[in-house]
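Everything below concerns the one structure shown next.
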Amino acid sequence: MPLERLLVVRPPDDGAGAWAWAVEQLLRSGCFPLVVVEHPAQAVSTARTPSALAQGWARAAEQGGSVCLVVAQRQVRALPADVRLAVGSGSVVVVRDRAGAAGGRAALPGWPARAVPW
């Protein structure tokens, strides 16, 4: 995918504001096959519980034909997930998959510096 077609939207560091609503609208729109969310470290609780938030995102993704990938510094256990991955030390490790299994590992290829859009 050409990087000029990449849309980057970052929530505020404090997690305040309508970032969760914006994610839902992006997923529902059908304009983006993949929506990557950087989960704020200090996410402020919204009027919806994390479970209700995740269910809303899941419905929106289904309606829009999108996939939602949540990236966080720490595991966000409040958000249910089909797959949880841990990235570090040049590899990706499956923390949990849909069947509850863990332990799969894959090496990450080198990332050329010119490919980083920010």
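Everything quoted here is computed from the prediction, not taken from an experiment.
Proximity of L26 to C31: side-chain heavy atoms (C-beta onward) are nowhere separated by under 4.5 Å. A heavy-atom distance below 4.5 Å is not found between the side chains of V93 and L85. In this structure, L69 and L34 have side chains that are in contact, with non-hydrogen atoms separated by less than 4.5 Å. Residues W57 and V35 fail the side-chain proximity criterion, which asks for heavy atoms closer than 4.5 Å.
At a threshold of 4.5 Å between side-chain heavy atoms, the hydrophobic network of Ile, Leu, Val, Met, Phe, Trp and Tyr places V94 and V87 in one connected group. Hydrophobic clustering (side-chain heavy atoms under 4.5 Å, transitive across Ile, Leu, Val, Met, Phe, Trp, Tyr) groups V36 together with V67.
With hydrogens and angles ignored, the 3.5 Å screen pairs no side-chain donor or acceptor of S91 with any backbone N or O of A107. Judged by distance alone, the side chain of S66 and the main-chain N or O of F32 form a donor-acceptor pair under 3.5 Å.
No more than 12 heavy-atom neighbours from other residues, nucleotides or ligands sit within 6.0 angstrom of CD on E62.
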